[in-house]
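What follows is a set of notes on a single structure, which appears directly below.
What you see below is based on every heavy atom in this structure, not just the backbone, and it leaves out hydrogens, waters and symmetry mates. Just so it is clear, the model here is predicted, and its values are computed rather than measured.
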Amino acid sequence: MRNLTLSTVQIFALQAEDVIQFSSPTSDDATAILTAIAFDLDRQTTFVGTESSQGVILIWRTSESDRVPQTSRHRPFVFCGSYTLPDAGIASLRVLSESNQLVLVTRAGDIVVWELDESGGFAGDADVLGTVESGIAAVAWSPDDSLMTLTTDTNVILMTSTFDVLSEVPIETNEFGEDAPINVGWGSKETQFHGSISRAHLIADKDQVDVECETLVDHGQPRITWRGDGAYFAVSSRSSRTRRVIRVYSREGRLQSTSQTVLGLEASIAWRPNGSLIASTQNEVRSGPQDARKSGKYDVVFFERNGLRHGEFSLRRPLEDDGSGYKVKDLVWSPDSAVLAVWIERSDGDMVQLWTTGNYHWYLKQEFRAPGDSHFTNVTWHPEASLRLLATTTSQLMSRTFAWETCAGANATGTVGVVDGDEVLLTPFRTQNVPPPLSSYQLKTSPATPSIDTSPAKTPVHIALSPFNDFLASVWQNGRVSVWSLNTRIGPRKEKIMNPALIWTAGVGDGEKVWRQVSVSDLTKGGKCAVRVALLGSERGSDHVEIHDVSFADASDDKPESEERSLVKMPGANGRLISSYVRLPPFWQDMNGEISEVDYIQDIISPLCTFPEHCFWATCIVVDDTRLFVGHAHSGKLYCVAPGSRPVLLANNATSFAIASGFVIFTTAAHDAQFVPVATVVQHTNKGDGPSLANGNSITQLSSDAWEKRRVERGSRIVTVVPSTMSLVLQMPRGNLETINPRPLVMEVVRADLDSGWWRKAFVSCRKHRIDLSIIVQHNQDAFMAGVSEFVDQVQDVDFINLFLTNVGRSQLTQKAITNICDAVRCQLETKDISKYVNSILTAHVVKSPPDHEAALSMLLQLRDMQPDLVEDAVKYVIFLVDADRLFDTALGMYDFSLVLMIAQHAQKDPREYLPFLRELRALPQYYQRFKIDDHLRRYGKALSNLNLAGLDYFQEALEYLERYQLYEEGLTIWRGTDKHQAILTAYGSWLFDRRDHKQAALAFVEAGDLRKAMIAHERALEWQELFDISTREKVPEEEVKEIAYRITGAFVKEASPRGSTSLIDYAGDIRQAVITLVQGNELSEARRIVSLHSTPELLEDVLLPGALEILLQLEDDLAEMRDQLRKQMTRLQELRIKKAEQPDAFYGTEDTNLHNVDVMTDVSMAPTAFTRYTAALSITSKTSKRSSKTKRKMERKVGSGRKGTVDEEEYLLKSISKLVARWTVTQGEIRKLLPHLLQFSKGHRAEGVALQQAYSAFDTELREAIEAVWKKPGVEQEEPVDSWAARMQEKDRERVTDPIERVQKPEMAVVKWELDLLRTKRGWSMEVPGMWPFLASSYL
């Protein structure tokens, strides 16, 4: 539903004095006619050729820039060269970019070549490469310029770009071609039954075809056209039997097919570049009333490559035209196959029509006439700019660039207008979604009185709809402008969807202005209707904006009350008016993207801001008093800019955009629709911050992750947005429409309805568009809680309220919020009508968090007493909401058997399942019955409470029940203050003792008064102070106390903790054993204190001195063990790292490259490769994709085992060294406690201490050096990253094969002062092997 809009116009005039200057001096007539065009795409230059009656051909060139000034002094054409030959008309003019040549083919048969220099000029004189003696009738080059096809009167000749003949075949032949179909006779007219009379007419018609074809005006010249890919070309020629046919040839010149006979087929032919159809024309104009066989139509007909007809459409010839002065001169397809240009030759001046197709309908989008009553001499499309059309007259080259534009009006109606000839197809998408080519209303734009407009071009150049009140404006080529009030019906009334009324029309054409654009704005204030019409045209190198302010006394008047006209000249050409969604003065954008405000009252142009490039599609909105301009450039970039701020780039690949509901909505080439909040854009334009583009620091680029997106069909474009219906209308490439309701648009309307208190409207919108109904609460929870009563009054429907409550219960709101909302709604429903809203009340109980099933069942009991007729439906409904078994259990837990039976019956439970159980319960006492029920429902705490209430006879059962389900805390609470409390404490203590929580068990036993058990618990907990305290209070015999003291001391020895050794002295009086225990724990200081305190010097010789040596020997053994471990592991690490550096394949595993092309693998275990070495399974026969926890633990143990030769060995060694560091740290503490005593005991002890300190110091140094060597990474120079496939694969391999030193953290060795300075020698001590492991850093590679 797009229109073809005129974007730029260029007119280059060939000056007569230039022609006279370069024409032959002997010529009396110096007139020259532009007839040929050639494009030099490399130099952006256009060549034109002129010919005169004397046979002089002049070649000119001109720039293709749109910014060439069109002034009287400017000389647009530069003379290049000439060629003179009598009767030499131009048949073809072509630039060959590969050979850098300009080729001229004359109708006389000459092939002339000019060499081109770097600037595009001629490097020499013309060179005639060959001549076709019989003359040339038609010439066509292949799209890739590699082949040239030319025809004479009798032959078709195919040449290369070097003008070597590839083939030459006769133009007339009786053969069909290589693709001749096989005809078995079925379905043809000859094999069908027609009757004798019809068969006679059939034979007569067959003989009459050639006679009727003779009456056609056909010059008899052939025409040639190539397919877009250069694989085939077609020739339209007239045979000797006066019958014109189309023949298709291959690239090698072989005939492929011949078209079927078509009555009135003309010479025009054009192959669609995409290769689908061959277009031609068919003229069936009647020559008189007796010519009844012809249809009277002038059609553009289409053929397939096999020669068969494939559709047509009729040209819209004026009714008053008898056809004598109306003829199609040529057909030209645009390079993108989207537009077909029809060159029509008329007696009163030529015309070009532009046709497009969509949904199998052909639209007439544009038509323009030659200046005055002149004729065109050439019409062609630019080969690269797909919508740039060039046409020549006798002395002018006209370039017109077009663009696609969607004419969308007010968002209130969603009206869209589509130009189709002299009709505008209108559809208001708010009320009707009519697929094209159909429409809601067809507005005839041509005046009812032909005398008002005598121009043959009836198609408007541009149409525009106002953003408010549905005004439609259109402007024509001759300057006529009209404005209609569409009067679109919004509501569902029985009347026409539209009732357009023409409210103003005028003729503004004067001089040579080329009108390109019109815009209309509604200026209605109060009851007075007013419109502003702005027209944009070009004349003599600059734009002109003509503004009309038209006022009406009443909105129903069709004649204006007043009219004001202003004309403002712009500083540039080929600009664009910018539409506005608000009532603002007109804005004009030049070709550089600069936006200016047009003050037509004071005739002032004020620059406001600038787009980074010219944006053909642009609009303006006002947000918080900020004018925001949104523009979409041909490059696909979507910009936003405000006065005084730098531009913001929204997208690089936008295909269409619209503004509605506070969003900038656009589609992208990535096939998604994006919704950018306008407030966000304004915020960034005001701040002017954010990331900038690398090639334009003044442009802020926003991240698309900040707004919502939605996937759309490939190639979708926006037609219009209707905020009131929350719809976005998209058109697919094939022409069909799709209306979607994006979430941002829906949410915008829902939020507005919620703010206005329209609860039902918001609810219906959310329900219709599948939006979570909890948004009604989440939008403003306080407002909802305050308006719950209004919400219930507006919604009313029980099912709607149930749906709302269900969505709230499943929402992400907090449990407290859900409960509050459900309770608030329930309270309102109970006050309104409890009988009507019983289901909703039950829903409110059930869906809140946590569900209150008991309250719902209590509601049923209440209904059973008040309204028994509602109970059955209510029970069925609550069973629908909640699982029947859960309701059965809940009812049972309420101890109401009648309710239980009611639920069971309506849930259709089997009576054999629940009746025996209920009978058994009924026979029990009340509290014991409840105990059984709670136990059945696994409410153990409540069951224990009821069992207590059942009486003292059940205490033993309660105690067993308590121990079974470990309800000790509940039991202590229930029996607190009773004589049974101690029994509960004793049971609790025993349970703690069994769980080896001896400290807590001892406290429980003490609290229960069972001190003997408390002593056992304290002894197990090694709490010897509390143990002997209780033994003293209990007056335990002295012998038993001694036994206890020896037992606990032995326990301390097992724990390697001598802290309880003093108990042997205090309670057993055994000083010797206490000292022995302390010496065994390396607590020599405490042992010496006891020896001195109790005056037992013999223990020094007997226990302390030998014990110190024993500790020294143990430390020496530990040192030897740690040193051996370190050296072995360091040696193995060296071997592994050297192997990994020299033979990585052997280290990680090899991979047989001969198996890369093998498709079928064996079912046996494969050898590990560089990849499978790190996987869990080494065989392809694995049946499971997940490991069990047991398997995972097994794999962890396998990795931790560090089996020699595995890939995990290095990691195991590193972890082992880390553990060695931790062991060394513990050993340092033991040495620190031992060394002072070795220094003081004897000379022998001192010598041993010196040796021990030296050995451990050496080991400390060795261990630190080893750690630094192992965890030291070699310095590798960082090369500049190269983005290639191999580099990315290497990076992935590095990520997969992680070095073990990155997985195992380097251990930290703290600096601890453990040595004694008095034990150092005068010279000091040093190892003979300093720096044992420096090779590890180098062997790491």
Under the 3.5 angstrom rule, does the side chain of [X] hit a backbone N or O of [Y] as a donor-acceptor pair?
{"X": "Ser337", "Y": "Asn274", "value": "yes"}
{"X": "Trp271", "Y": "Ala279", "value": "no"}
{"X": "Thr62", "Y": "Pro76", "value": "yes"}
{"X": "Glu51", "Y": "Leu34", "value": "no"}
{"X": "Thr152", "Y": "Gly135", "value": "no"}
{"X": "Thr225", "Y": "Ala234", "value": "no"}
{"X": "Asp40", "Y": "Thr45", "value": "no"}
{"X": "Lys365", "Y": "Val419", "value": "yes"}
{"X": "Ser656", "Y": "Arg717", "value": "no"}
{"X": "Glu312", "Y": "Val300", "value": "no"}

Once rounded to the nearest 0.5 Å, what's the spacing between atom [atom1] of [X] and atom [atom2] of [Y]?
{"X": "Leu265", "Y": "Ile246", "atom1": "CG", "atom2": "CD1", "answer": "5.0 Å"}
{"X": "Thr46", "Y": "Trp60", "atom1": "OG1", "atom2": "CH2", "answer": "15.5 Å"}
{"X": "Asp110", "Y": "Leu129", "atom1": "CG", "atom2": "CG", "answer": "10.5 Å"}

Distance-only side-chain donor-acceptor flag, [X] / [Y], under 3.5 Å:
{"X": "Ser519", "Y": "Ser579", "result": "no"}
{"X": "Glu266", "Y": "Ser268", "result": "no"}
{"X": "Glu613", "Y": "Ser635", "result": "yes"}
{"X": "Ser538", "Y": "Arg516", "result": "yes"}
{"X": "Asn3", "Y": "Thr5", "result": "no"}
{"X": "His614", "Y": "Asp590", "result": "no"}
{"X": "Ser314", "Y": "Asp299", "result": "yes"}

Report the C-alpha separation of Asp330 and Arg223 in whole Å, then their side-chain angles, then the decisive distance to 0.1 Å, and conclude whether the salt bridge (Lys or Arg N to Asp or Glu O under 4.0 Å) test is met.
-> CA-CA 10 Å; Asp330 200 3; Arg223 296 281 185 89; 3.5 Å; yes
Mind checking whether [X] and [Y] have side chains closer than 4.5 Å, heavy atoms only?
{"X": "Met148", "Y": "Val105", "value": "yes"}
{"X": "Thr357", "Y": "Tyr363", "value": "no"}
{"X": "Tyr326", "Y": "Tyr298", "value": "yes"}
{"X": "Val352", "Y": "Val342", "value": "no"}
{"X": "Leu6", "Y": "Val514", "value": "yes"}

Given side chain to side chain contact (heavy atoms under 4.5 Å, CB included), test Gln517 with Leu535 step by step and report yes or no.
-> CA-CA 6 Å; Gln517 187 182 4; Leu535 301 170; over 6 Å; no
Salt-bridged, Arg251 to Asp144, with N to O below 4.0 Å?
-> yes
Using a strict 4.0 Å threshold on nitrogen-to-oxygen distance, state whether Arg94 and Asp145 make a salt bridge.
->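 Salt bridge between Arg94 and Asp145, a charged N being under 4.0 Å from a carboxylate O: yes.
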Step through it carefully: locate the ring centre of [X], locate the ring centre of [Y], and say whether they are under 6.0 Å apart.
{"X": "Trp362", "Y": "Phe302", "answer": "yes"}
{"X": "Phe616", "Y": "His632", "answer": "no"}
{"X": "Phe303", "Y": "His310", "answer": "no"}

Run the numbers on Glu345 and Met351 for side chain to side chain contact (heavy atoms under 4.5 Å, CB included), then give the verdict.
-> CA-CA 7 Å; Glu345 190 177 41; Met351 177 188 302; over 6 Å; no
Could you walk me through whether Phe122 and Ile59 pass side chain to side chain contact (heavy atoms under 4.5 Å, CB included), step by step?
-> CA-CA 10 Å; Phe122 288 176; Ile59 306 299; 3.6 Å; yes
Result of checking Arg316, Gln353, Glu367 against Thr459 for side chain to side chain donor-acceptor pair (under 3.5 Å) | Glu367
Scan Thr377, Asn378, Thr35, Thr380 and name whichever one has a side chain to side chain donor-acceptor pair (under 3.5 Å) with Thr392.
->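 So, applying the side chain to side chain donor-acceptor pair (under 3.5 Å) to Thr392 and each of Thr377, Asn378, Thr35, Thr380, only Thr377 qualifies.
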What do the steps show when you test Ser399 against Leu389 for side chain to side chain contact (heavy atoms under 4.5 Å, CB included), and what is the final call?
-> CA-CA 6 Å; Ser399 174; Leu389 183 67; over 6 Å; no
Could Arg388 and Phe402 be counted as a cation-pi pair, given that NZ or CZ must be under 6.0 Å from the ring centre and within 45° of the axis?
->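 Negative - Arg388 is either too far from the ring of Phe402 or too far off its axis.
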Taking the six-membered ring of Phe368, is the NZ or CZ of Arg400 close enough (under 6.0 Å from the centre) and on axis enough (within 45°)?
->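 Ring-cation test returns yes.
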Sort out for me which residue in Phe313, Trp333, Trp343 forms a ring pair (Phe, Tyr, Trp, His ring centres under 6.0 Å) with Trp355.
->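 The ring pair (Phe, Tyr, Trp, His ring centres under 6.0 Å) with Trp355 is passed solely by Phe313 among Phe313, Trp333, Trp343.
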Could you go step by step and tell me if His462 and Trp476 meet the ring pair (Phe, Tyr, Trp, His ring centres under 6.0 Å) rule?
-> CA-CA 7 Å; His462 187 255; Trp476 283 262; over 10 Å; no
